[in-house]
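Reviewing the structure listed below.
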Amino acid sequence: MLLTVDIGNSHIVLGGFEGEELAFSARMVTQTYRTDDQYAVEINQIMGLYRVDPGRIDGIIISSVVPELTSPFRRALRKVTNITPLVLGPGVKTGLNILIDDPGQLGPDLVAAAVAAVALYPSPCLIYDLGTAITISVVDQKSNFTGCVICAGTRLMLDALTSHTALLPHVGIEEPPSVIGKNSAVSMQSGLVYGTASMLDGLADRIEREIGAPATLIATGGLARSIVPHCTHKFIIQDNLLLEGLRRIYEKNVKN
């Protein structure tokens, strides 16, 4: 079994692949102050929950956008599985042609998602990752990664509203009964859900005009299923896009 690991700002996602099939996936809260021993215990518990024997793991690949957590989590995985993980970064073959000012600055999460998108869907394509931040990766007609858009994520917007205003409550990010709110909670939900959806639609229009072609729109990330159904454009929701990209990158770099 190949274990793929996505270390994000809010969550850590583990995905176990048997061949090309995702056998299990699990989410952990990202906490930078925890030690490698603490993470090792939690990894062991998750594997027990999904009835995965650590001895079955024969390869591990990590994508991390939290540098201070990469090494502790790598050590934790080594303690549990006795395998040294491959960390996606400089020197790792991806097969992705990156046409930006400094390809080394591109986040590994964006690289992995783009690798999967190019393999699974027609180009050009726009890859929306709705996490702590909202990123839109642009892959052109020739399957080159040509750039991205970065916006504040929906939860960040909610946190900013509640922490910088005296009277606005903390609300759940869920579909409101109407666009026009008649109380603070519904008004905020409308802004968060429909406002984010409208931003995604508007950016799709602008990017398609800039690249000169209609694009395949792909959505992933923790809030994709909460926001994308309210967009006017047609999106493909792919929950495990990044994990699939990590699987493909691992296969390009490590022989069985």
Side-chain angles (χ1 to χ4, degrees), residues 6 8-10 63 65 94 96-161 164 173-176 178-181 187-242 244-245:
D6 168 28
N9 290 296
S10 299
S63 163
V65 297
T94 65
L96 184 66
N97 193 24
I98 303 171
L99 304 181
I100 64 173
D101 293 342
D102 183 359
Q105 286 186 345
L106 187 61
D109 54 338
L110 303 186
V111 173
V115 166
V118 166
L120 296 173
Y121 304 107
S123 296
C125 59
L126 308 182
I127 307 154
Y128 290 70
D129 189 342
L130 280 71
T132 304
I134 294 174
T135 59
I136 307 172
S137 301
V138 182
V139 175
D140 69 11
Q141 292 90 326
K142 296 182 180 180
S143 297
N144 301 311
F145 188 105
T146 60
C148 66
V149 177
I150 302 175
C151 315
T154 311
R155 286 199 177 92
L156 279 180
M157 290 190 282
L158 174 59
D159 290 343
L161 278 174
H164 292 283
I173 301 174
E174 55 191 46
E175 180 183 2
S178 61
V179 176
I180 302 173
S187 300
M188 291 173 66
Q189 287 173 332
S190 177
L192 292 167
V193 175
Y194 295 127
T196 303
S198 297
M199 179 182 70
L200 303 187
D201 283 323
L203 284 170
D205 290 334
R206 290 173 180 267
I207 294 170
E208 286 180 334
R209 285 198 298 270
E210 193 163 309
I211 64 177
T216 306
L217 306 184
I218 307 155
T220 189
L223 283 176
R225 293 190 178 274
S226 298
I227 303 298
V228 166
H230 306 289
C231 292
T232 58
H233 288 67
K234 181 180 179 181
F235 281 79
I236 299 169
I237 298 180
Q238 230 289 12
D239 295 319
N240 300 306
L241 188 70
L242 200 154
E244 174 63 22

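For this chain, numbers begin at 1 and follow the sequence in order. Only a predicted model underlies this, so the values are computations on that prediction, with no experimental measurement involved.
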As an exercise, state the distance from CG of Leu106 to CG of Asp101, rounded to the nearest 0.5 Å.
11.5 Å
With side chain to side chain contact (heavy atoms under 4.5 Å, CB included) as the criterion, how do Leu126 and Phe235 come out once you've worked through the C-alpha distance, each side chain's angles and the decisive distance to 0.1 Å?
CA-CA 10 Å; Leu126 308 182; Phe235 281 79; over 6 Å; no
How long is the span from the CG atom in Leu99 to the CG atom in Asp140, to the nearest 0.5 Å?
6.5 Å
Does some side-chain heavy atom of Cys151 sit less than 4.5 Å from a side-chain heavy atom of Leu203?
yes
What's the separation between atom CG in Asp6 and atom CG in Leu242, rounded to the nearest 0.5 Å?
4.5 Å
Sequence-distant partners of Asn97, side-chain hydrogen bond (donor to acceptor under 3.5 Å, both in side chains), two or more places apart
Asn144
d(Ile150 CD1, Leu110 CG) to nearest 0.5 Å is 7.0 Å
Should Asp239 and Arg225 be marked as a side chain to side chain contact (heavy atoms under 4.5 Å, CB included) after you check the CA-CA gap, both sets of side-chain angles, and the distance that decides it?
CA-CA 9 Å; Asp239 295 319; Arg225 293 190 178 274; 2.9 Å; yes
Can you find a pair of side-chain heavy atoms, one from Glu210 and one from Val138, that are under 4.5 Å apart?
no
Taking all heavy atoms of Pro122 and all of Thr216, pick out the closest pair and write down the distance.
O-OG1, 3.0 Å
Side chains of Tyr194 and Gln189 in contact at under 4.5 Å (non-hydrogen atoms):
no
Specify the closest pair of heavy atoms between Ser63 and Asp109, including all atoms of both residues, with the distance to one decimal.
OG-N, 3.4 Å
Taking all non-hydrogen atoms of both residues, which atom of Ala117 and which atom of Leu241 are closest, and how far apart?
N-CD1, 4.0 Å
Do the side chains of His233 and Asp205 get nearer than 4.5 Å, heavy atoms only?
yes
What pair of heavy atoms forms the shortest contact from Val193 to Ile227, and how long is it?
CA-CD1, 3.9 Å
How long is the straight-line distance from CG of Leu223 back to OG1 of Thr196, given to the nearest 0.5 Å?
8.5 Å
Compare every heavy atom of Ala114 with every heavy atom of Leu96, then report the nearest pair and how far apart it is.
CD2-CB, 3.7 Å
Value for OG (Ser226) from CG (Leu130), rounded to nearest 0.5 Å, stands at 9.0 Å
Is it true that atom CG of Asp102 has more than 12 heavy atoms of other residues, nucleotides or ligands lying nearer than 6.0 Å?
yes
Between Ala224 and Thr220 the two heavy atoms that sit nearest each other are CB-O, 3.6 Å
Are Leu192 and Leu158 side-chain neighbours, meaning at least one heavy-atom pair lies under 4.5 Å?
yes
For Phe145, what residues pass the ring pair (Phe, Tyr, Trp, His ring centres under 6.0 Å) criterion, not counting sequence neighbours?
none
Sole residue of Leu200, Thr135, Val228, Ile237 in side-chain contact (heavy atoms from CB on, under 4.5 Å) with Tyr128
Leu200
